[in-house]
Amino acid sequence: MGVFKVTFGTPEEFTPIKYKRESKIQLSDSTSYEYSRIYFSITKQGCKLELPLQLEEEVFGFGLQMHSFNHKGSKKHLRPNADPASSSGDSHAPVPFFVTNKGYGIYVDTARYVSFYCGIARKKQRTPNPNNTIITTAQELYEKSGLKEESVMVIEIPAAQGVDLYIFEGSSITDIVAQYNLFSGGGCMPSLWGLGVLYRCYARYHDYQVLEMAKYFRQSHIPCSIIGLEPGWQSSSYSCSYVWDSERYPDYENMISELRKLNFHINLWEHAFVNAVSPIYQDLYDHSGNYEVWQGIVPDFADEAAVQIFADYHRNQLVEKGITGFKLDECDGSDYTGGWSFPNFSEFGSGLDGEQMHCLFGALYQQAVMAALGNRRTLSQVRSAGAFAAPYPFALYSDLYGHRNFILALVNSGFSGLLWSPEVRHAASKRDLIRRLQTVVFSVQALINAWYMPEAPWIKFDAEEEVRELLNLRMSLIPYLYSAFYRYHTEGIAPVRALVSDYTDDRETYSIQDEYLFGDSMLVAPMTESENQRRVYLPEGIWFNFWTNQKYNGGWHTVDTDNIPVFVKNNSVIPIAEPVEYITDDTIFDITLKCYGEGGSAKLVEDDGETYTTSFRIIEADKNTADIISRRYRLSSVITVV
Ligand code: GAL
């Protein structure tokens with residue numbers, strides 16, 4: 001166990017390690033990984049590393065991959081890019097960290113567009129071995145077809161003359177990733193209210209329409225904790241002013257206070273490109289890159305002076321006036337969306353070039369906004385992240401909208417210290433809406449992003465009742481999810497994980513990319529619009545259907561349901577709360593302890609729900625618990641399922 005560092009050549013000065021949070025674990029001085037088998041060489045383009053890959057070694061990770069799961073046999077070229085079109089490796093949040101089923105994971109400390117060839121072969125003298133299978137579709141022709149022998153992974157890093165590798169070890173992928181997350185500084189602990197429902201309003205709304213929407217939620221008793229405002233709140237948004245628009249929001253202070261009275265938190269959309277009308281433009285000018293985006297300057301977030309100007313303004317003008325979250329848009333790249341972002345040859349005063357800035361921009365931007373929020377915790381949004389992102393309480397999102405891609409992103413997020421939000425926007429049908437919302441409920445951030453819709457997406461389908469029911473379910477899961485985040489924070493164990501992460505020795509899991517573990521005890525197998533039946537794989541052991549309590553053994557099962565298939569692991573206790581519509585400092589959850597099997601316990605987390613300086617108290621409860629003494633939780637009943 002531990003983190004072992006090995007240096008090849010002369011590493012670059014600007015790499016993610018320089019900007020990461022303080023680690024929660026130390027470097028160790030030994031490793032059982034045979035790093036003497038790694039070959040390093042300097043090339044015309046930069047440098048390259050060659051690592052052995054065993055025949056039955058599978059490769060996972062590389063950040064928020066939305067088109068592929070098990071990367072063995074494929075090439076991944078990691079570039080931060082919006083709306084990646086294929087499995088090339090481009091991603092809103094690429095991370096040069098992979099894990100395998102052989103007890104280790106490797107982080108490559110680079111802010112370059114690095115390529116990983118996950119299973120190629122050097123030439124060798126072979127005996128004749130013709131292959132005369134004729135295939136007549138291009139798709140089949142190039143489909144990944146499983147390697148038949150040992151191979152190598154080659155990592156190609158442009159520009160650099162050397163690199164540091166960090167090797168993490170553990171008995172399961174979950175353990176290995178936990179080490180990486182602790183090395184990153186530990187998983188984030190979001191505010192408790194951040195786990196409630198976030199509704200993003202139509203970008204053209206005026207203040208009174210936002211208030212009408214807020215009142216609609218309260219009057220119709222549909223849970224909602226956070227109202228998000230899209231670009232229209234600003235007087236200039238492409239590029240940004242960070243100033244309220246006087247026509248749409250003439251009395252924004254009153255709107256904020258009305259929303260606060262109704263117990264809403266407020267989250268504001270922005271990106272980092274600063275328009276000349278912005279009060280921070282002149283101060284930032286000398287602390288920005290030499291190319292513009294949408295006629296705005298690009299702050300050099302690797303320069304402390306830029307961070308301070310940006311953070312001070314956000315704190316004084318927005319946070320101090322009641323804003324508790326932000327949506328940090330367009331900090332990825334634009335190779336698939338028209339090329340609007342800053343070029344790779346940009347220069348920044350801190351010394352970073354455009355390529356390095358692209359790889360670090362999401363992380364540095366989050367840090368700047370966290371500096372503005374100070375001691376206030378949040379659960380916000382960001383469209384790009386990279387290495388060492390676990391400590392940042394921001395969920396990723398995309399303009400892509402395939403439900404399957406969203407499920408895959410959810411499954412993959414847990415390999416790399418990322419949070420993913422499979423947001424609901426419009427829907428093709430009522431069924432599509434419900435299927436998507438089911439996935440949202442069982443994810444880290446419950447987001448409805450109606451930024452281009454004047455009315456809530458369920459109105460036209462007459463689906464208010466189903467939506468209320470699903471969002472109530474979400475609210476009843478908050479204590480459980482909060483405990484999962486506490487584990488992320490203290491032990492590095494991600495709240496959402498692929499099956500292979502916990503069940504690393506089970507080969508069946510190596511291709512399961514549409515089921516995931518949600519917290520410690522739940523297995524979720526979402527369905528999309530066209531399905532009402534699916535095959536669900538349950539790893540070895542006993543499981544219970546969350547809806548019917550029916551008992552299952554491990555293996556493949558066919559499940560027929562309009563609901564989302566959810567299974568609970570034997571010997572677990574799930575705290576189910578009476579749903580509340582929103583969360584305040586004094587929210588008390590009435591808890592039913594659902595005890596599956598004979599053993600297990602729930603660990604309820606009590607804190608102020610709000611600040612970084614809070615103290616945490618863990619309350620353990622099981623089937624014999626008669627009472628819970630806590631300011632946050634009250635026991636209503638205990639149910640045993642066997
Ligand atoms: C997009 C973003 C959307 C929405 C929109 C507003 O780039 O992904 O969710 O915020 O900008 O212009």
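Ligands are counted one by one from 1 in listed order, and the atoms in each one are counted from 1 as well. Being a predicted model, the structure only gives us computed values, none of them experimental.
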*asked:* I'd like the contact residues of ligand 1, where contact means a heavy atom below 4.0 Å.
replied: E230, P231, Y238, W269, K327, D329, E330, R383, Y397, D399, N449, W451
_Residue among T528, T439, D432 satisfying side-chain hydrogen bond (donor to acceptor under 3.5 Å, both in side chains) with H403_ = T439
*Between Y365 and F310, how do the two ring planes meet: parallel, tilted or perpendicular, split at 30° and 60°?*
perpendicular
_side chain to side chain contact (heavy atoms under 4.5 Å, CB included) partner of P16, chosen from V108, V95, L360, T110_ = L360
*What about F442 and Y516, are their ring centers closer than 6.0 Å?*
no
*Would you please indicate if the ring centroids of F98 and F415 are separated by under 6.0 Å?*
no
*asked:* Which residue in the set Q381, R425, E423 passes side-chain hydrogen bond (donor to acceptor under 3.5 Å, both in side chains) when paired with N449?
replied: E423
